[in-house]
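Contents: one structure, followed by commentary.
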Amino acid sequence: MSPLICFATLLSSMAWGVNRLNKEEEKGRFLTCSITEQHKQDLSNQQLTRIPPDLSPSTQYLDLSHNNITRVNDKDLAALPDLCILKLHHNPLEYISPTAFLNNSKLEVLNISYSSLKAIPDLLIPTLQVLDVSSNLYGSYVLGSSFKNMEHLFSLALGSPYATSINYTDFAAVRNIPLRHLSLGYGEGLQSYESGSFTQILSLRKLTLIMPFCERFLMFQDMLKDLQRTQVESLELVKFLPRYCNISSDPFEGLRDLRSLKNITFTDTWFNSSVLHTFLQNVYRSPFQVIALLNITFNEDIEEFYLDCDPGKHAVNLKAIIFDGILHYQMRYPKIRINVTCYSQMTNLKFSGSGMNISPCNLMSSLPSLEVLDVSNNLLTDNGFWWQGCSYTKVFPALKQLNLSMNRFIKLSFISQKTQQMRSLETLDLSSNSIELEGQCSWPSHLTNLILSNNNLGNSVFNYLSPHFRSLDLSKTGISALTKDMLTRLPNLTHLFLSSNSLQVLPADLWAPSVKVLHVDHNAISVISQDSLKGLPGLKELKAGHEPFSCKCDSYWFVTTLDKRLLPDWPSQYTCSYPPELYGMLLEEYQPGRITCELWIQAAIAVLVTLVVVLVLSLTFYACDGAWYLKMLWVWIRVKRRSSQETERLANASFHYHAFISYSQHDSNWVEKQLAPNMEKAGFRLCIHERDFVPGDWIIDNIINCVESSYKTLFVLSQSFIQSEWCNYELFFAQHRALSIQQDSLVFILLEPIPADSLPRKFMKLRTLLRQQTYLEWPKEERKQQVFWASLKRMLQEGNKHMVMKQAAVGIADLMIL
Ligand SMILES: *[C@@H]1O[C@H](CO)[C@@H](O)[C@H](O)[C@H]1NC(C)=O
Ligand SMILES: *[C@@H]1O[C@H](CO)[C@@H](O)[C@H](O)[C@H]1NC(C)=O
Ligand SMILES: *[C@@H]1O[C@H](CO)[C@@H](O)[C@H](O)[C@H]1NC(C)=O
Ligand SMILES: *[C@@H]1O[C@H](CO)[C@@H](O)[C@H](O)[C@H]1NC(C)=O
Ligand SMILES: *[C@@H]1O[C@H](CO)[C@@H](O)[C@H](O)[C@H]1NC(C)=O
Ligand SMILES: *[C@@H]1O[C@H](CO)[C@@H](O)[C@H](O)[C@H]1NC(C)=O
Ligand SMILES: *[C@@H]1O[C@H](CO)[C@@H](O)[C@H](O)[C@H]1NC(C)=O
Ligand SMILES: *[C@@H]1O[C@H](CO)[C@@H](O)[C@H](O)[C@H]1NC(C)=O
Ligand SMILES: *[C@@H]1O[C@H](CO)[C@@H](O)[C@H](O)[C@H]1NC(C)=O
Ligand SMILES: *[C@@H]1O[C@H](CO)[C@@H](O)[C@H](O)[C@H]1NC(C)=O
Ligand SMILES: *[C@@H]1O[C@H](CO)[C@@H](O)[C@H](O)[C@H]1NC(C)=O
């Protein structure tokens with residue numbers, strides 16, 4: 001093989017390696033499993049001594065930290081195939097079976113820190129991305145061969161008080177895996193570091209060393225030399241220097257040669273001013289972009305130092321300096337003189353948690369590129385930040401973001417005036433101060449984002465704002481009502497944060513089409529109605545959790561119809577407060593019936609039900625001849641009503657017959673077979689002319705006699721009766737109106753339907769009688785005939801005692817005489 005081809009292959013394989021790493025890096029940034037609330041199990045602080053066997057198989061996130069678990073056995077987690085994140089830290093773990101995770105084919109994060117493991121465990125978890133085995137009790141950092149298979153591992157934390165040396169072979173197993181971040185150490189001094197050890201981890205981008213290097217700066221130089229051969233970009237040194245340390249040489253010497261290093265962070269470290277000076281001198285000559293000093297103790301062993309640079313000689317790359325948490329050992333201001341020309345590239349400066357009450361204004365305000373200044377969490381006041389001793393003609397030329405949060409600023413009008421001088425300022429954070437509203441505020445038009453949260457302001461704050469604001473944070477400012485008017489003054493507002501106030505309603509007439517993001521969580525709103533959101537047509541995000549929601553129909557629209565993609569905190573932050581029996585229930589679980597809650601459906605259903613009932617009743621009515629029964633009922637009622645008058649009328653009267661039956665010869669069959677037997681069996685006496693007329697007497701005499709001695713006169717009507725017999729009576733009625741007064745004594749039975757209108761005109765009387773009088777119709781069905789007989793009997797029973805129908809008789813007699 002020719003050397004050329006060999007070289008080409010080598011190149012391509014290197015290229016392949018880099019590609020692969022980049023891909024892995026992409027992947028490692030985000031966990032692939034997306035965990036939902038209901039698959040999270042928090043079993044921390046339960047005094048468990050073993051992993052509970054009855055866990056839900058769909059568990060994705062399991063927190064077993066702060067328990068008393070000593071072992072993870074083979075089968076303990078086998079039933080959790082979806083497990084993605086497992087927290088077992090702060091347990092006295094001594095043993096983890098190498099095959100315990102065989103079935104957890106989705107496990108990506110495992111935290112077994114603060115345990116009692118005597119060796120870094122061999123774990124067969126090829127999917128693992130983050131592993132924390134720090135703060136255990138092992139004696140060396142040797143990684144077992146199982147790490148070779150963790151092809152996705154990108155973050156690993158190791159640390160034990162007993163592991164005091166790092167040897168070349170320790171990290172051999174991770175040589176070919178894409179490990180990005182290694183955290184190493186327990187805060188105690190390392191005894192030895194074997195050169196070349198870190199070069200094993202070629203893919204390393206970030207290294208965290210939790211150990212002091214006092215008296216062992218040569219070891220530190222060895223490490224830095226090895227890191228030159230990796231591509232480490234970020235170095236975090238925790239507890240780098242203890243309080244007492246004899247420093248003779250420059251401990252930071254090697255940093256200059258770390259060409260890939262961009263960020264360097266010191267955390268929990270003691271800094272003598274002389275040491276800080278040495279460090280900063282190195283920064284000019286280094287490629288660093290960000291230096292951060294977090295939680296440091298600053299001790300002035302030299303009272304004043306001057307930082308100069310030679311920009312012609314060294315490119316200064318510094319973009320950001322972050323001081324967060326500085327304990328001034330002498331409790332006084334350090335005197336550091338800095339030539340700002342050295343920091344002309346700097347865009348970010350944070351000076352937080354330092355107790356500063358007067359800003360080094362001339363220094364900071366003349367940094368030409370400074371875009372972000374964060375002096376939050378200090379003791380600054382209005383006049384302390386804008387110190388009289390400073391000139392403010394051309395200050396903060398590029399400043400876009402100013403963070404004055406957590407200080408002692410008071411006058412909003414004063415601050416608004418001062419921001420006019422900052423020509424590029426866009427964002428101002430005044431949260432957690434003691435802001436008071438008085439005087440007139442005049443905000444520059446370029447300032448579009450104001451944060452006023454956590455100040456005691458009240459509703460009147462809206463009078464002090466600018467129409468140019470696009471984002472406004474008024475969380476926790478004592479606002480109790482939001483009105484349409486307040487928002488019309490802010491026409492360009494897109495982001496409005498009103499969390500943690502005491503709003504009770506979102507008014508229905510809101511109109512703010514530009515608002516995209518609205519946070520009203522932690523207020524006292526019980527219902528969010530469709531009407532109020534109609535006024536916010538551009539809304540993309542609504543945070544409204546932690547409210548005392550009413551789980552009644554008022555929330556129906558919110559629960560069922562509102563697009564939940566609008567709510568980033570849905571469903572876990574939404575619970576019912578009312579009614580009391582649903583208190584604490586998730587709003588998501590409140591499933592009101594559509595019927596119970598929508599009025600028009602209720603109305604429609606009511607109408608439908610009524611229609612159905614009416615239909616069913618009508619059908620039944622029709623099927624069972626309801627009309628006929630109804631008519632009978634009517635007869636009964638009238639009979640009943642009349643009975644009292646009748647009783648009077650009949651007093652002292654006496655009859656021989658209950659009824660005189662008048663009928664046509666044609667219907668004699670019915671009278672003889674049906675009427676007579678039925679009635680007489682029941683004890684009624686009937687006068688039937690064929691049977692009871694006195695032979696030889698004139699027929700009219702017989703009629704008169706019978707009518708006279710009968711309580712009622714019963715006409716059996718049929719077409720033939722009307723044709724043949726009725727004319728006699730018609731005449732009789734026509735002549736003797738008197739008889740019509742006693743119409744009550746007449747009973748009509750219709751053997752066949754005879755509509756009153758169908759009768760010939762000459763039967764005037766019958767027509768009126770049939771219209772006015774109740775009559776009984778003879779039914780064909782046997783069942784109904786029972787009712788018929790009962791009704792008839794009832795009619796004849798009325799005061800069945802005695803009465804002479806004198807007038808009737810007289811009338812008939814008159815007729816006969818005529
Ligand atoms: C943990 O369990 C051991 C026995 O396994 C017991 O002796 C110890 O007291 C327990 N510790 C706690 C904090 O419950
Ligand atoms: C392992 O997981 C599968 C599902 O992925 C399940 O069917 C099986 O029962 C599990 N094994 C054990 C021992 O629980
Ligand atoms: C593991 O748990 C400890 C203790 O809570 C925590 O400090 C650490 O950041 C966790 N590790 C990871 C990688 O999340
Ligand atoms: C690591 O190096 C130290 C010091 O050279 C030595 O004492 C120790 O035995 C070594 N450990 C291993 C596992 O090689
Ligand atoms: C800081 O200086 C003091 C003397 O002023 C010295 O005793 C101490 O060891 C120094 N510490 C460090 C970390 O430089
Ligand atoms: C620093 O040096 C002095 C004198 O050389 C010595 O007494 C002291 O113990 C040393 N301190 C440390 C922390 O090594
Ligand atoms: C360096 O620090 C900056 C500011 O803290 C941060 O945004 C950036 O992600 C860091 N880069 C690395 C590689 O850690
Ligand atoms: C800050 O430093 C002190 C002393 O070094 C330490 O005790 C403390 O835990 C640190 N705090 C944080 C938040 O790092
Ligand atoms: C700051 O540094 C620049 C460039 O080195 C130099 O020209 C200038 O005089 C210095 N300013 C002061 C006050 O020393
Ligand atoms: C200002 O500083 C506070 C406190 O450090 C921080 O919470 C806030 O996010 C910062 N504001 C901005 C706009 O970065
Ligand atoms: C609102 O925004 C528009 C478009 O960006 C701009 O033209 C207008 O001046 C802004 N209004 C105010 C009051 O800032």
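Remember, it's 1-based here, ligands and their atoms both numbered in the order they're listed.
A donor and an acceptor atom, one from each side chain of H519 and E541, are located under 3.5 Å apart.
When hydrogens are left out, the protein atom nearest atom 5 (O) of ligand 10 is S376 OG, 3.2 Å; that is the closest non-hydrogen contact. From the protein, the heavy atom lying nearest to atom 4 (C) of ligand 4 is S192 OG, 3.7 Å. Nearest protein heavy-atom neighbour of atom 14 (O) of ligand 10: N403 ND2, 3.8 Å.
Geometrically, K40 engages Y61 in a cation-pi contact, judged by NZ or CZ lying under 6.0 Å from the ring centre and within 45° of the ring axis.
Contact check for T494 versus V515: no side-chain heavy atoms found under the 4.5 Å cut-off. Inter-residue side-chain proximity for I210 and S183 is flagged as met; some heavy-atom pair is nearer than 4.5 Å.
Contacts with ligand 3 closer than 4.0 Å are made by side-chain heavy atoms of H90 only, the backbone lying farther away. Counting heavy atoms under 4.0 Å from ligand 3, residue V130 touches it through the side chain alone.
At least one protein heavy atom sits closer than 4.0 Å to atom 2 (O) of ligand 4. For atom 11 (N) of ligand 10, a protein heavy-atom neighbour is present inside the 4.0 Å cut-off. Not a single protein heavy atom sits closer than 4.0 Å to atom 7 (O) of ligand 3.
For the pair S165 and ligand 4, a heavy-atom separation below 4.0 Å is found. In this structure, A157 does not count as a contact residue of ligand 3, since none of its heavy atoms falls inside 4.0 Å of the ligand. In this structure, N377 falls outside the shell of residues with a heavy atom less than 4.0 angstrom from ligand 10.
At a threshold of 4.0 Å, the pair D569-K543 does not count as salt-bridged, since none of the basic side-chain nitrogens sits closer than that to a carboxylate oxygen.
Some N or O of N167 is nearer than 3.5 Å to an N or O of ligand 4, by distance alone. Considering both main-chain and side-chain atoms, D132 comes within under 3.5 Å of ligand 3 through a nitrogen or oxygen pair. Checked against a 3.5 angstrom limit, the closest N/O atoms of T427 and ligand 10 fall outside it.
Each of the following atoms of ligand 10 lies closer than 4.0 Å to a heavy atom of M406: 4 (C). The ligand atoms of ligand 10 that sit less than 4.0 angstrom from a heavy atom of D429 are 1 (C), 8 (C), 10 (C), 11 (N), 12 (C), 13 (C). Less than 4.0 angstrom separates some heavy atom of S113 from each of these atoms of ligand 3: 1 (C), 2 (O), 3 (C).
At distances below 3.5 Å, at least one donor-acceptor pair connects side-chain atoms of D429 with backbone N or O atoms of S431. Between the side chain of S115 and the backbone N or O of L117, no donor-acceptor pair lies under 3.5 Å.
The ring of F147 has its center no closer than 6.0 angstrom to the ring center of F171. Taking the centre of each ring, F298 and F271 stay at or above the 6.0 Å mark.
Distance CD/E94 to CZ/R71: 8.5 Å, rounded to 0.5 Å. Between L450 atom CG and S416 atom OG the span is 10.0 Å, to the nearest 0.5 Å.
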